[in-house]
Each structure stands twice: as C-alpha cells, then as structure tokens.
Amino acid sequence: MSETPVKQQNTNAYYGQAVASFAVALAAVSVGIYSLDVSGWIRAFLAVSVLYLTTSAFTLAKVIRDRQEADRIVSRVDQARIEKILAEHDPFRPVA
C-alpha cells in the first residue's frame, strides 16, 4: 500500500509576508545603525555584523532544509524495502 505524500506548498501570501518581513527588519536595522551617534567605523562594523548574521541565517535554513529532505528520502527508501519484504512474505507457504 504505497501512499504518496501530499506535497506541501506555500501560498503566495505566505511567501510575500516572509519577504516583506525580511525587508522591514533589514530596513529597521539599517535605519537604527545609521541613526546611531557613533563614528563611521562603528557603524560599518555593525553593518557588516548584520550582513554576516543575515547570510548565516540563510545558510542555516538551507542546511536544515537539506537535512530534512535527505531524511525524507532515506525514510521513503526504507519504507519501500519494508513494503517489498511484506509483499513477498507468504505466511502460508510450506517450509521446504
């Protein structure tokens, strides 16, 4: 009994909300850094720190997604093996 899992897709509204949220957060941090009453070097350091944190967050999200996809593939292969063993097993077959 093979069950095809339903592929989950995000709606356009969810995608738009995620992009808008990211843009607002990045803009707010940029305005905050620009508004600080500190020297240019400190502003530059904070800006580079925010960019590094942002790229690290994207990388972490990608690594987690890739691991989940790999686990899903391994799980499907294991499930197929179990289904094959169960399909070939006949409990009423005489032992030779």
Side-chain angles (χ1 to χ4, degrees):
M1 308 282 157
S2 178
E3 294 181 22
T4 305
V6 177
K7 183 176 181 183
Q8 297 177 354
Q9 281 190 324
N10 296 329
T11 63
N12 289 337
Y14 181 78
Y15 179 75
Q17 180 183 2
V19 170
S21 174
F22 175 75
V24 167
L26 195 59
V29 170
S30 299
V31 168
I33 290 173
Y34 181 75
S35 302
L36 285 176
D37 190 24
V38 294
S39 69
W41 283 105
I42 296 174
R43 283 188 190 143
F45 173 77
L46 292 174
V48 168
S49 298
V50 167
L51 291 176
Y52 179 63
L53 180 63
T54 302
T55 58
S56 296
F58 278 115
T59 301
L60 178 62
K62 182 185 179 313
V63 166
I64 291 172
R65 184 201 63 203
D66 291 347
R67 179 176 285 177
Q68 286 177 340
E69 286 179 356
D71 289 345
R72 187 179 314 142
I73 290 170
V74 169
S75 176
R76 289 184 72 189
V77 168
D78 289 343
Q79 182 65 30
R81 287 179 182 157
I82 291 171
E83 287 179 6
K84 180 182 177 196
I85 290 169
L86 290 175
E88 292 174 351
H89 176 68
D90 182 8
F92 300 110
R93 183 181 62 190
V95 178

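The first residue in the sequence is number 1, and the count goes up from there. Since this is a predicted model, take the numbers as computed values, not measurements.
With rounding to the nearest 0.5 angstrom, the CD1 atom of I42 is 8.5 Å from the CG atom of L36. Here the CG-CZ distance, from L60 to R65, works out to 12.0 Å after rounding to the nearest 0.5 Å. Atom OG of residue S35 and atom CZ of residue R43 lie 8.0 Å apart, to the nearest 0.5 angstrom.
Remark: R81 pairs with D78 by the salt bridge (Lys or Arg N to Asp or Glu O under 4.0 Å) rule, at least two apart or across chains.
Side-chain atoms of S21 do not come within 3.5 Å of backbone N or O of Q17 as any donor-acceptor pair.
The number of heavy-atom neighbours closer than 6.0 Å to CG of D66, taken from other residues, nucleotides and ligands shown, is above 12.
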Exercise. Is there a side-chain contact (heavy atoms from CB on, under 4.5 Å) between Q68 and I64 once you walk through the steps?
Worked result: CA-CA 6 Å; Q68 286 177 340; I64 291 172; 4.2 Å; yes
Exercise. Yes or no on side-chain contact (heavy atoms from CB on, under 4.5 Å) for I33 and V50, after CA distance, side-chain angles and deciding distance?
Worked result: CA-CA 10 Å; I33 290 173; V50 167; 3.8 Å; yes
For this session: Mind running side-chain contact (heavy atoms from CB on, under 4.5 Å) on L46 and V29 for me, showing each step along the way?
Result: CA-CA 10 Å; L46 292 174; V29 170; over 6 Å; no
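For the pair T59/S56, no side-chain contact is recorded, criterion being any heavy-atom separation below 4.5 Å from C-beta on.
Under a hydrophobic-cluster definition in which Ile, Leu, Val, Met, Phe, Trp and Tyr are linked whenever side-chain heavy atoms come within less than 4.5 Å, directly or via other members, L26 and L53 are assigned to different clusters.
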